Structures are given as structure tokens and as C-alpha cells.
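Here the structure is a predicted model, which is why all the values come from computation and not from measurement. Each chain gets a letter, A, B and so on, in the order the sequences are listed, and its residues count up from 1.
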Amino acid sequence: MTLKDVYNKLLEKYGYQNWWPVHEGQNSIAEITFGAVLTQNTSWKNVEKALDNLIKHNMLDFEKVYYSDIEFLKELIRPAGFYNQKAKTLKAVSKLFLEKPHKDITREDLLSIKGVGKETADSILLYALNKPYFVIDAYTRRFLSRISLLSDKIDYDDYDSLQSFITQNIEMDLEVYKEFHALIVKHCKELCTKKPKCEICFFNCEVKITEGLKIEKRADS
DNA sequence: AGCCAGGCCAAGC
DNA sequence: GCTTGGCATGGC
């Protein structure tokens, strides 16, 4: 089974996820960028509340956020948690987007911002700026390590090596990158959960559940 | 009633 | 270098 087979199977089972943009008629680049920051270690439901607050106050906008009163900004994004640090990060990201033409914004530019790590940077690059960076997150690590599709030599905790391994084993295609990541998230919420539902999963992978909780590698294959 | 969510950073070994 | 704690809210 190739990575592309996995992608096709997920797509067949779950269909297109169409993550972004969420809100029609809004500044989708700002929405995606802010959403990527706000969702750090936070459920999307809470992010939605924060985004709704921003929309309500016409703040889905780099300039508005950059020049906003930070205490007010904190109040708006409060439901998304970690609001003290995220408010600063949103301002810093907005500054970058105001100062530099979007097409010239690089991964290094984003990573130099405090509060923006690799996953957030790659999410912004891929979904907001349409640049082919494959997003790695906790779900991707979990799913890919469980199906044991990649080389044994891969360190699933090393972001860069996992990312480059993936991009070397699937075609470079914006839509595939976007949809694949979204499908992995979907699958990890539905079946490949922390305590996986292998009995009803359509992948025959290397993981089985023993005694309800512990996960072990299968002896065979 | 904990535990967890689409991480990241800085301090402490 | 690697590990750990802090950051915060809301849903299940």
C-alpha cells in the first residue's frame, strides 16, 4: 500500500473535508492564518467561537488586529484559550502580513515569530498562501506510525524527517496536501483515536488493542 | 470530574 | 541536547 492508496481510501470513506475557508465573504487569508494560530492545542469548536467574535467586530483583518487594543483582542479570542500569548502572536503575524507581499512570505519569516512553530507555519503556508508544505501534527504522527507504512528508520517525533519522508513518497500537489491532512484529522477523530477503534476500522494495520487500553504492535507482518 | 483538544516556548536538568 | 511545566477554555 502506498501513501496515495491511503489517501484515496480516506477520501473514499470520508469525502472531501473542505476545511478552509469556513466563512463565506470574509477575508479568507486572515481567517486561515488566525485560525491556524488559535487552534494550537485547542479544539476547533473553541476556535470557532473566537473567530465568530472577530467577525462580529469586523476584525478578521490584519490591519485591524495589528492596530487593535490588545486587551480587547484578548477578550475576543478568549474562548480559544491561551489568549495572552495568542493575542501577541496574532499581532506579530498580522505585522508580517502587512509588511511583506504575501507571495514573498517564507517559512523562516513565520518561524521567526514567537508563538509560531512548524505546524502552524506549514498550515499557514499551505492553506492560506497555497504553498506546498505538508502539515505534520499529533494526529499525523499517530496515524502514520500505526499503519507502519513508512520506513522503520523514520523517527515519527522528528517533524522535519517525517515531513520530508511523506513529501518524497507522494506527488507534490496542493489539493492533495490540503485534503490529505484534513482527512487524517478526520480519521483520527473518528476511528484512529487515542484508544483506537480497530475492530470497525477499514485499515488493516499494525496496531491491535490488548486489554482494552494498551496498544501494541502486532507480532506478524 | 478528569482528560483532552489540529502546539509552542523557556526553564531546568 | 532532551524532558518538563506552563499556558486557558469549553466539551465530553
Side-chain angles (χ1 to χ4, degrees), chain A residues 7 10-11 14 16-23 28-54 56 70-94 96 107-129 131 133-146 155-163 166 176-197 212-215:
Chain A
Y7 169 76
L10 288 170
L11 186 55
Y14 297 115
Y16 286 98
Q17 298 301 298
N18 291 317
W19 261 11
W20 275 320
V22 180
H23 304 93
S28 58
I29 296 183
E31 178 200 323
I32 296 163
T33 303
F34 294 162
V37 171
L38 292 171
T39 197
Q40 291 168 356
N41 207 42
T42 302
S43 67
W44 184 255
K45 212 153 227 168
N46 286 2
V47 176
E48 270 290 296
K49 296 176 195 296
L51 287 177
D52 286 343
N53 286 340
L54 290 172
K56 211 176 297 172
I70 191 147
E71 294 306 320
F72 179 54
L73 181 59
K74 286 178 186 175
E75 279 315 302
L76 296 183
I77 66 169
R78 184 185 206 98
F82 307 121
Y83 51 83
N84 288 302
Q85 29 193 19
K86 283 176 179 174
K88 287 183 199 161
T89 305
L90 289 183
K91 278 188 170 264
V93 168
S94 296
L96 172 64
R107 193 172 195 250
E108 290 67 40
D109 291 333
L110 291 164
L111 288 177
S112 72
I113 295 170
K114 192 185 348 175
V116 176
K118 291 173 181 176
E119 183 190 337
T120 306
D122 288 339
S123 293
I124 293 170
L125 289 163
L126 178 62
Y127 291 100
L129 299 174
K131 297 177 189 237
Y133 288 83
F134 199 95
V135 177
I136 307 294
D137 63 357
Y139 289 152
T140 310
R141 289 193 184 85
R142 184 163 81 204
F143 175 58
L144 291 179
S145 65
R146 281 179 180 169
D155 175 3
Y156 288 92
D157 290 324
D158 179 18
Y159 193 102
D160 296 321
S161 64
L162 182 53
Q163 183 185 50
I166 290 170
V176 172
Y177 279 21
K178 290 182 184 182
E179 207 57 39
F180 202 173
H181 175 65
L183 285 164
I184 289 171
V185 171
K186 174 76 172 174
H187 181 59
C188 284
K189 285 178 173 170
E190 299 268 326
L191 298 176
C192 202
T193 44
K194 204 155 207 170
K195 184 181 161 188
K197 303 179 171 70
L213 278 178
K214 289 202 170 174
I215 300 161

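Put simply, CG on A:Leu111 is 8 Å from P on B:dC9, counting in whole angstrom units. Look at NZ on A:Lys86: it is 13 Å from P on B:dC9, rounded to the nearest Å. In this entry the distance linking CD1 of A:Ile32 with C1' of B:dG6 reads 14 Å, nearest Å. Rounded to whole Å, atom P of B:dG7 lies 14 Å from atom CG of A:Leu162. In this structure, A:Trp44 places its CH2 atom 10 Å from P of B:dG6, rounding to the nearest Å. Atom CZ of A:Arg141 is separated from atom P of B:dG6 by 14 Å (rounded to the nearest Å). Distance CD (A:Gln17) to C1' (B:dG6): 13 Å, rounded to an integer number of Å. In this structure, A:Phe134 places its CZ atom 13 Å from C1' of B:dG6, rounding to the nearest Å.
In this structure, the separation between CG on A:Leu110 and OG1 on A:Thr120 is 9.5 Å, given to the nearest 0.5 Å. The distance from the CZ atom of A:Arg78 to the CG atom of A:Asn84 is 8.5 Å, given to the nearest 0.5 Å. The structure places CD1 of A:Ile32 at 12.0 Å from NE2 of A:His23, a figure rounded to the nearest 0.5 Å. In this structure, A:Thr33 OG1 and A:Leu129 CG are separated by 6.0 Å, a value rounded to the nearest 0.5 Å.
Atom name P, nucleotides B:dA10 and C:dA8: the rounded distance is 14 Å, in whole Å. If you take atom P in B:dG6 and the same atom in C:dT3, they sit 25 Å apart, rounded to whole Å.
The shortest non-hydrogen separation linking A:Phe134 to A:Asp122 is O-OD2, 3.9 Å. A:Gln17 approaches A:Lys186 most closely through the heavy-atom pair OE1-CD, 3.5 Å.
A:Glu119 comes within 4.0 angstrom of sugar-phosphate atoms only, judged by non-hydrogen atoms across all strands, and of no base. Among the heavy atoms of the strands lying under 4.0 Å from A:Ala138 are primed sugar atoms or P, OP1, OP2 only; no base atom is included. Contact annotation for A:Leu38: no contact, since no heavy-atom pair falls under 4.0 Å across all strands. Using a 4.0 Å heavy-atom criterion, one finds that A:Val116 contacts the sugar-phosphate atoms exclusively. Base contact: A:Phe82 has a heavy atom under 4.0 Å from a base atom. Within the nucleic acid shown, A:Asp137 comes within 4.0 Å of sugar-phosphate atoms alone, with no base atom in reach, counting heavy atoms only.
Between B:dC4 and A:Ser43, no contact under 4.0 Å exists linking OP1 or OP2 to a side-chain N or O. In terms of phosphate contacts, A:Lys45 brings no side-chain nitrogen or oxygen within less than 4.0 Å of OP1 or OP2 of B:dA5.
A tilted orientation is assigned to the rings of A:His181 and A:Tyr127, their planes being inclined by 30° to 60°.
For A:Arg142, the listed nucleotide lying nearest its side chain is B:dA5; candidates were B:dC8, B:dA5, B:dG6. Listed nucleotides B:dA5, B:dG6, B:dG7 differ in distance to A:Trp19; the shortest reach to its side chain belongs to B:dG6.
Using a 4.5 Å cut-off on side-chain heavy atoms (C-beta onward), A:Gln85 and A:Lys88 make no contact.
The pair A:Glu48-A:Lys45 does not count as a salt bridge, with every side-chain nitrogen at least 4.0 angstrom from each carboxylate oxygen.
In DNA chain C, consecutive stretches of 3 or more Watson-Crick or G-U wobble pairs with both distances under 3.5 Å are given as paired ranges: B:2-5 with C:9-12, B:7-13 with C:1-7.
Not a single donor-acceptor pair under 3.5 Å links the side chain of A:Lys91 to the backbone N or O of A:Ile70.
The outermost nucleotides of DNA chain C lying under 4.0 Å from heavy atoms of chain A, listed 5' to 3', are C:dC7 to C:dC12.
With DNA chain B read from its 5' end, the first of the two nearest nucleotides for A:Lys114 and A:Ser123 is the one closest to A:Ser123.
For OH of A:Tyr16, the number of neighbouring non-hydrogen atoms (other residues, nucleotides, ligands) closer than 6.0 Å is 12 at most.
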